[in-house]
Amino acid sequence: MAELILTPNIDNPDDFYAELLATHEGLDKAASDALNARLVLILANHIGDRQVLSQALAAAALKEED
Amino acid sequence: MNKIFEIPLYPYARSADQDAPAPVRHKVVVVGAGPIGLGAAIDLAQQGVEVVILDDNDKVSFGSRAVCYAKRPLEILDRLGCGKRMVEKGVEWNVGKVFFDERLVYEFNLLPEDGHEFPAFINLQQYYFEEYMVDRVRELQAEGAPIEIRGRNKVAAVGVHDDHVAIEVDTPEGPYNLEADWLIACDGANSSIRAMLGLDFIGRVFEDNFLIADIIMEADFPTERWFWFDPPFNRGQSALLHKQPDNVWRIDFQLGWDIDREREKKPENVIPRLKAMLGEDAQFELEWVSIYTFQCRRMEKFRHGRVIFAGDSAHQVSPFGARGANSGLQDTDNLCWKLKLVIDGKATESLLDSYDFERIQGADENILNSTRSTDFITPKSEMSRLLRDAVLDLSEHYEFARPLVNSGRLSVPCIHDGSPLNSADALAGGPARSRPGAPCPDAPLGDEFLLPKLGGRFVLLTIDADAPDLIEEDGIEVTRLALSVKDDPTMALKERYLGEADSAVYLIRPDQIVAARRPSFDDNLIRAAIRRATGKE
Ligand SMILES: Cc1cc2nc3c(=O)[nH]c(=O)nc-3n(C[C@H](O)[C@H](O)[C@H](O)COP(=O)(O)OP(=O)(O)OC[C@H]3O[C@@H](n4cnc5c(N)ncnc54)[C@H](O)[C@@H]3O)c2cc1C
């Protein structure tokens, strides 16, 4: 059974974070929100595994898992 | 008077019951001559059960309302003698297009599976549907079937007793009293029977108004379902265009909550909306305009002693997904054979509890699906709109997002997993789609099809397996239908009923739902399955 990864898993985290900010650069709040929403959907589809997605939703809500 | 829905099809006529010295007792009284009440009455009359339909009106549905009918209800209607006529008159469609803002974001094809007698969907005005059913009632009467329809007979009061229901009926010539062994309440979403019995109808109200305009227009739009999210001609809202026979087009505009309903319904306000959508030069005539709001709700129980609710009186869904009439017909299909066995003393009343189990399961599935569609079409928060729009934007570019677009999940029949009438699945390698609790999928048999051969009785379907031609178990007769995979060179029968298995024996209920299946005949086990399917185990 797949488990949501909650330990560091991205190479060069600073690079990734800068790229994330750069993608939002120059966008107003509405456009940025829309981009984030699209990003969530794209990443969710990539993960696919329903259990991992449920764990991720709970983790993002900062809820303790049961 | 030229529209069918303006002509009294079952005008008031005085019945002998009105002059009887004491209330006349009928086997079954059906309240409501909408599609579901007519369906129930035809089904019972075809089985020889005496039935009287009472309706407070004398015409078919005013304006169209339901337009979209799915395969399973068409198969049911075929058994009731109206399915083919509906398909002949109806418009078949497979392609849907989804627009967002000004762009076509994607199109889908329902790609109906081959080897079914009936199409995935047809569009047909509800008034034609009801007219054909009234014609069928007349046909049955001509054949001597015990069925009667009484127009302008409004049920004013009911008294529920242990073994019958007392009914007070208002007519243009004054009231009279009747009795029924059983009453089926098909009196619609605002059911007065429900109110008379003080029963709840709980669920969720959606704070939104929809404008329906059925227009008559010569147009060369293709026969497709077009759905718009946030179009320029109806900003922030949705719209739908769908074709019906006779050049009638269904147009549906979401209007929002805070509107003046009377004002919006006026032709001088409707016509500019339509022109903004169809173009200034569009030539059309309004056939029917209405504004509706909707709720998703159901009764806690559908059976209350001798009173049984079916159709909109029992459950109501949003129109997205075409689940109202479609699911109501599955209610009566489920109910009538059970009631017949109870009336004939071949099963006990407890069999009717399975109607509650199975049709509440169906209603909950429909409510869930139509609630989800509604939440997508009319987002209730800023974030749900943001996510909805993200899905639509992505769907234009990437295939992955298309299954998330929800402009109505079209009606499919419920599989009654866990029903008390099912026997455990004993066919190793058998296809999931025909497991116990599932409605039988159709399959081609040369020039014919499987479902009409099942008919409306208990059948033992054997595929490359031996079994007796007739089994009788405690009053229930089961006739064998012996087939071989060789009867269907397209291999659909094998794929739909055998899967990995080499042979199969299916016990099929009169509503064409699988009760049990195994690889070969076993007298004890099949008898146990018959008992179970009739509420005796
Ligand atoms: C805009 C719209 C679009 C829809 N589209 C679809 C669709 O595409 N597909 C689909 O499957 N469904 C659709 N539906 C739903 C469908 O119209 C209903 O589910 C269907 O009409 C329900 O049938 P019914 O027989 O249960 O009730 P109704 O059709 O409401 O009939 C009830 C009958 O009972 C009678 N009655 C009421 N009270 C009494 C009384 N006291 N005494 C005697 N008679 C009484 C009424 O006169 C009426 O004839 C749509 C609905 C709407 C509003």
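Chain naming here is simple, since letters A, B, ... match the order of the sequence lines and numbering starts at 1 in each. Since we're looking at a predicted model, the values are computed, not measured.
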Considering only residues two or more places apart or on different chains, which pairs with a residue in residues 17-36 of chain A satisfy ring-ring contact (aromatic ring centres under 6.0 Å, His included)?
none
Tell me, yes or no, whether the heavy-atom count around A:I5 atom CD1, taken from other residues, nucleotides or ligands under 6.0 Å, exceeds 12.
no
Measure distances from A:L39 to the heavy atoms of chain B and classify the residue's part below 4.5 Å as side chain, backbone, both or neither.
neither
Please output the residues of residues 391-425 of chain B in contact with chain A, using a heavy-atom cutoff of under 4.5 Å, in numerical order.
B:V391, B:D393, B:L394, B:F400, B:L404
Considering residues, nucleotides and ligands other than B:R235, do more than 12 of their heavy atoms fall under 6.0 Å from its CZ?
yes
Tell me the closest heavy-atom pair linking B:A390 and A:A34, and the distance in Å.
CB-O, 4.5 Å
Within a reach of under 6.0 Å around CG of A:D11, are more than 12 heavy atoms found that belong to other residues, nucleotides or ligands?
no
How about B:D114: does its CG atom have over 12 heavy atoms from other parts shown lying under 6.0 Å from it?
no
